[in-house]
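Encoded as C-alpha cells, the structure appears first; notes follow it.
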Amino acid sequence: MRLRTLLIWLAVVPTVAMGTQVTVTAQRLLEQSAQLRADVEAAERVGAPLYTLMVDMQAERTATASLWAGTAGSEGELRIRRAATDSAAAEFRALADDPSRSFTEVTRQLEKLAAYRQRADTRSGAADSTLAYYSEVIGKVIQVYQQEFSHAEDAELAQASRPVVSMLQATEMVAREDTVLALAGPSGELGFVGYDQFVSSLGAQRYLHEALIVPHLTARDERFYERVVGSEDWQEKTRIENAVLSGHKDTVSGIRLPGEVSGWSSAHANFSVQMTTLNIDLARSVLARGEAKAGELQAEVAWLIAGSGGGLLAVVVVVVFTTRSVLRRLRELHERTVTVAEQTLPDVVARLQHGQTVDPQALPAVSGDRDEVGRISDAFARAVAVSVDGHRRLAAERHGFGLFASGIASRTGNLVSRQLSLTEDLQDTFGHDEALLAQLMRSDQLTVGMRRQIENLLILAGGEVPDPHTEPMRVADLLREAAAEVEDFRRIERQALDETSVEPSAISQISHLLAELLDNATRFSPPKSKVVIRAELVADGLSVEIEDRGPRVTPERYEEMNGRLHQAPPYSVLAQNAHRLGLFVVGHLADQLGATVTLRRSVYGGTCAVVVLPAELLLPSEEETPREPARREPALVAAASAAAPAPAPAAIPPAPAEEPEPEPEPVQEQEQEQEPVAHTSAGLPSRRTTTPRHAPATALAVRPAPASAPTRPALPERVPQTHIADELRAPHAPETQVPQDAATPEEVADAWADYEQGTQTVEEELRRDQP
C-alpha cells in the first residue's frame with residue numbers, strides 16, 4: 001500500500017468516525033427536541049381539557065357524596081357537575097386521538113361513568129365503591145400527567161415538572177378530604193372507613209406540600225404558593241383539618257365531626273380556585289421550559305453541525321497540507337536520491353577511478369533534521385559518504401595496483417626486449433644452420449607474443465605503450481606490422497590503401513589494437529581458413545574490417561563482447577576473464593584513440609570486427625616519403641622451403657564442425673608487391689629493415705667503420721643468398737590452380753608446428769566457452 005493511501009486512510013478513518021459521532025449525536029438531540037415539542041404540543045392541546053376533566057370529576061365526586069348523604073339541593077348541584085364532566089370528557093375524547101400515548105386508559109375508564117352514575121342515583125351498593133371509581137379515574141389522569149409531561153429523559157425538565165405532578169396529587173388529596181366531609185352530610189357523622197380516608201388524605205397532602213412541592217418551586221412560584229397558603233381560606237382549611245383530627249368524637253356507628261366543619265365548603269371553594277391557578281401556572285412554566293429546551297436542542301444541533309463541519313474542514317485542510325508536505329519532502333528526497341544514485345555517484349566513482357579529486361559539496365550532507373524525513377535523508381547521506389569512502393579506497397588500491405603492475409610490466413618488457421635482441425643476434429650468428437634458424441624464428445615469434453601480452457598488462461594497469469615511431473606510417477605498413485604481432489600470421493590476408501598514413505603518436509596503439517583483434521580471429525577460426533583484414537577510407541575516418549570464419553556466435557554473446565569493448569571493467573571482471581583479456585585491451589585502446597570497435601556477425605557465418613579510426617589520426621601519404629620500419633615483422637624472402645619436417649596428414653586434428661560457407665570473393669585490390677628483403681651475414685632474412693620502400697632489395701658490399709672507433713676492424717657485410725641451401729636456390733614449379741606462396745623461411749619453418757598448436761588452442765578455447 002502506498003504512503004499516500006496510508007495518509008489518506010489516516011485522515012479518512014477519524015473523519016468518518018467523527019462524522020458518525022456527530023450524526024448520531026445530532027440525531028439524538030433532534031429526536032429529543034422533537035419529543036419535547038410533541039409533549040408541549042400535546043400538553044397545550046390535551047393538557048388543559050385533561051386538567052378540566054380532573055377538576056370536574058372531583059366536583060362530581062363531591063356532589064355524588066352529598067347526594068348519597070342526603071344533603072338538601074345536592075341533586076341540582078349533581079346535575080350541573082355531571083354536565084360539566086360530560087362536556088370535559090367529550091372535549092378530551094375529541095383531542096386524545098393518539099393511540100401511542102397513555103390517553104386511552106383514561107378514555108376506557110370514562111366509558112364506565114354512566115354505570116356508576118346509575119348506581120349513585122339508585123344508591124345501589126356502597127358509597128365507598130362508587131366514590132372509589134371517581135378516585136380511580138382521577139388517579140389515571142394524574143398518571144397521564146406523570147408519564148407524558150415528566151420528561152424523564154431531561155433532568156432539568158424532570159426537575160421542573162416534579163412540582164406540577166406533586167401539586168396535582170396534593171390537590172387530589174384535598175379534594176378527597178372535601179368528598180369525605182361531604183359524605184358526612186347534615187348529620188356530621190362518618191364511618192370508620194370514611195374517617196380513615198380523611199386522615200390518610202390529610203397526611204398525604206401535607207407530606208406532598210412539605211417534601212415534594214415547596215423544595216422544588218422556583219422563586220416566582222414559591223412566592224405565589226406562599227400567598228395561597230397564607231390566605232384566610234387556607235388557614236381556615238388548616239383549622240378545620242386540625243379540629244377534625246383533635247375534636248372528633250367516637251360513637252357506636254362511627255365518628256362525629258366537630259362543628260367547625262360547617263365552614264369547609266366556603267373555604268374550599270375559595271382556596272381551590274387559587275390552587276387551580278397555581279397548578280396552571282406551574283404547568284405553563286414547564287411547557288415554556290420544554291419549548292425553550294427544544295429550541296436550545298435545535299440550536300445545539302446547529303452549533304454541533306457547524307462546529308463539526310468546521311472541525312472536519314480543518315481536519316481535511318490539515319491532512320491535505322500534511323500529506324502534500326510529507327509527499328513533497330519524500331518526492332524531493334526521492335529525486336535527490338535518484339540524482340545522487342544515477343548522476344553524482346557514477347561521476348564521483350569515475351573521477352576516483354581516474355585519480356581525480358572529488359568536491360565534497362557535490363555529495364549530500366548531513367543536515368541534522370530531527371524529523372523522520374530529515375533522518376532518512378541524513379541516513380542516506382551517511383550511506384553515500386561510506387560508499388564514496390569505499391570507492392576512494394578501492395580507487396587508491398586500484399591505482400596502487402596499477403602502478404605495481406605497470407612497474408612489473410615495464411621491467412618484464414625490458415627483459416623481453418633484451419630477449420628479442422639476443423634472439424636477433426643468435427639469428428645473425430647461427431643463421432647458416434637451417435634447423436637452428438627455424439627454432440630461433442619460433443622463439444622469436446613466441447617472444448613477440450609475450451611482449452604483446454606484457455603490453456596488455458601495461459594497458460590494463462593504466463599505463464601507455466611506448467611508441468618509438470617518429471614518422472607517419474602508411475596504412476599498408478601498419479596492417480603488416482599488426483599482422484606480424486600474431487603467432488599465426490601466415491593465415492592473415494591484408495588489403496590496404498597506400499594513399500593514407502597514420503600519425504606517429506598513434507601507430508603503436510593502433511597496431512596493438514589490430515593485433516589483438518587479429519589474434520582473436522586466428523585463434524577462434526578453423527586452422528585452414530583465412531582471416532581477412534581490409535582498410536578503406538570512410539566519411540568518419542578510416543574503417544578497418546577484420547573478418548574470420550569462426551564458429552557462430554549468438555546475438556547475446558555479441559552484445560556481451562561489445563559491452564567489454566565500451567567500458568572499463570573492474571578487476572573482478574578481469575579476474576573472471578583472465579584467459580580472454582584481448583577485448584578489454586581493445587576497449588582501452590579504442591577509448592584512448594577515440595575509435596569505435598564493433599563486433600558483428602559476418603556474412604560467412606563468422607565474426608567481423610569493424611574498427612573506425614577518427615580522421616584526426618590520418619595524414620595523406622607522399623610518394624617519396626620513406627616507410628617507417630616495422631616493429632616486429634619477420635622479413636620476407638622470395639622463396640622458401642620447409643626447414644622442419646611436415647607432420648603426417650593423420651596428425652592434423654579436424655576443424656570444428658560448422659555450416660557450409662561460401663568462399664570469399666577474390667580480392668580486387670590485394671597488395672601483390674613483393675617487399676624488399678635484408679639478410680644477415682649467413683644469408684638468412686633479417687627481422688628488421690631500414691631499407692626504404694623504393695630502394696632495391698640489395699645490400700652494400702662494404703659498410704664503412706664508424707669514425708669514432710678507427711682501431712676496430714670493419715665488419716663483413718652479409719651477401720644475399722650466399723649460405724642458402726642449393727635446394728632453395730632453384731625456383732619451385734608452379735602448382736596447378738594454386739597461387740604462388742610468397743612465404744618467408746621462418747614461415748615455412750614454423751608452419752606445421754604453428755598449425756598444430758593453433759588447432760589445439762582453438763579447441764581449448766571452444767571447450768572453455770562451453771557451459
Side-chain angles (χ1 to χ4, degrees), residues 1-42 100 149-161 286-345 363-386:
M1 187 176 294
R2 300 177 58 189
L3 180 60
R4 181 189 298 271
T5 305
L6 291 176
L7 292 176
I8 291 175
W9 275 108
L10 185 62
V12 168
V13 170
T15 302
V16 171
M18 183 177 178
T20 303
Q21 182 180 4
V22 169
T23 302
V24 172
T25 304
Q27 184 177 2
R28 181 178 60 82
L29 293 177
L30 289 176
E31 290 178 355
Q32 185 177 354
S33 175
Q35 182 67 31
L36 286 176
R37 291 189 181 279
D39 292 344
V40 170
E41 181 182 359
S100 62
F149 309 122
S150 61
H151 306 291
E153 69 279 359
D154 189 280
E156 182 180 355
L157 291 178
Q159 183 72 15
S161 62
V286 172
L287 293 179
R289 286 191 177 186
E291 183 69 25
K293 186 65 176 179
E296 291 177 1
L297 291 177
Q298 289 184 344
E300 184 177 353
V301 170
W303 280 107
L304 178 63
I305 294 176
S308 301
L312 292 177
L313 181 61
V315 169
V316 171
V317 171
V318 170
V319 168
V320 170
F321 176 78
T322 304
T323 303
R324 289 174 61 89
S325 177
V326 171
L327 294 179
R328 176 180 56 80
R329 297 188 63 188
L330 291 178
R331 183 173 62 254
E332 292 175 355
L333 177 60
H334 174 263
E335 292 175 354
R336 291 198 305 269
T337 304
V338 171
T339 301
V340 170
E342 296 182 355
Q343 299 179 10
T344 305
L345 274 182
L363 300 176
V366 177
S367 60
D369 293 341
R370 302 307 303 168
D371 64 336
E372 287 74 8
V373 178
R375 284 185 284 182
I376 294 175
S377 178
D378 291 348
F380 176 72
R382 295 188 183 95
V384 171
V386 172

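Position 1 is the first residue of the sequence; numbering continues from there.
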Under 3.5 Å, which donor-acceptor pairs link side chains of residues 20-30 to any protein atom two or more places apart or in another chain?
residue, atom, partner, partner atom, Å
T20, OG1, V16, O, 2.7
T23, OG1, G19, O, 2.7
T25, OG1, Q21, O, 2.8

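Pairs of residues two or more places apart, or lying in two chains, never qualify as side-chain hydrogen bond (donor to acceptor under 3.5 Å, both in side chains) while including a residue from residues 300-319.
Annotation: side chain to side chain contact (heavy atoms under 4.5 Å, CB included) contacts of I376 (sequence neighbours excluded): L333. The side chain to side chain contact (heavy atoms under 4.5 Å, CB included) test applied to E332 returns R328, R336, not counting sequence neighbours. Shown here are the side chain to side chain contact (heavy atoms under 4.5 Å, CB included) partners of T344, two or more places apart in sequence or in another chain: T339, V340, V348, L363. When the side chain to side chain contact (heavy atoms under 4.5 Å, CB included) test is applied to V316, the partners found at least two apart in sequence or on another chain are V320.
Between atom CG of residue L313 and atom OG1 of residue T15 there is a gap of 10.5 Å, rounded to the nearest 0.5 Å. Remark: T337 OG1 to L330 CG distance equals 10.0 Å, nearest 0.5 Å.
Contact record, A294 with S33: O-OG, 3.0 Å, taken as the closest heavy-atom pair.
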